[in-house]
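The analysis underlying the following values was restricted to heavy atoms, covering all of them including side chains, and did not include hydrogens, waters or symmetry mates.
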Amino acid sequence: MTQIFRSSLLVLCTAGVCTLASAKLPAPSPEAAAKAAEAAAKAAWGGKVDNYKLCQSQDRVAAHYRKTTPSAKPAAATGAACTDPGPFAYTPPAAKPAEAAGAHSPPGTASSPPSTLVPGAAAASAPKF
């Protein structure tokens, strides 16, 4: 009996943890989103720098091998040379104005003028053809 109780308690706790883990987090603030975008750009730049250093290292090793091994074949055209990514420079994207961001009301036909308080008042007093 104790074994069944323990296993059902374990299943219940596991389900609770999974439910909490799958809960939706609120959207980040604009400052946090900008900081995350800058961190992602810096990480991508760091990857480019690492690839550049690796390429230089491989070129040095290949040159040393060709110099020390008499039977080594000369270097073949291997495509693009190592390209330096340069210093880190991040320019944040420009903020969209309210009109371009889709902040205005949705398109549609109005049932009454905006100055009336009762939605159907203008339609009832309007002449019908």
Side-chain angles (χ1 to χ4, degrees):
M1 185 69 172
T2 305
Q3 182 65 23
I4 294 172
F5 178 71
R6 286 183 185 171
S7 61
S8 59
L9 182 63
L10 180 65
V11 168
L12 183 63
C13 289
T14 304
V17 168
C18 290
T19 302
L20 289 176
S22 66
K24 186 176 179 184
L25 296 175
S29 66
E31 295 85 19
K35 193 170 185 177
E38 184 176 0
K42 195 165 195 169
W45 175 78
K48 290 178 184 177
V49 169
D50 290 342
N51 288 339
Y52 174 66
K53 289 179 180 179
L54 176 65
C55 181
Q56 285 183 325
S57 174
Q58 289 173 338
D59 286 349
R60 282 193 305 269
V61 169
H64 178 72
Y65 174 75
R66 285 189 206 97
K67 186 173 90 173
T68 58
T69 306
S71 64
K73 296 179 183 178
T78 59
C82 303
T83 55
D84 186 8
F88 177 69
Y90 176 71
T91 54
K96 291 183 183 179
E99 284 295 319
H104 51 77
S105 60
T109 57
S111 62
S112 66
S115 60
T116 62
L117 297 176
V118 181
S125 64
K128 296 183 182 179
F129 297 104

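Cation-pi geometry between K42 and Y90 is not met at under 6.0 angstrom from the ring centre and within 45 degrees of the axis.
Nearest heavy atom pair, residue A72 against residue R66, reads CB-CA, 4.0 Å.
Pairs of residues two or more places apart, or lying in two chains, that qualify as side-chain hydrogen bond (donor to acceptor under 3.5 Å, both in side chains) and include a residue from residues 55-64 are Y52-Q56.
For the pair W45 (side chain) and A40 (backbone), a donor-acceptor distance under 3.5 Å is absent.
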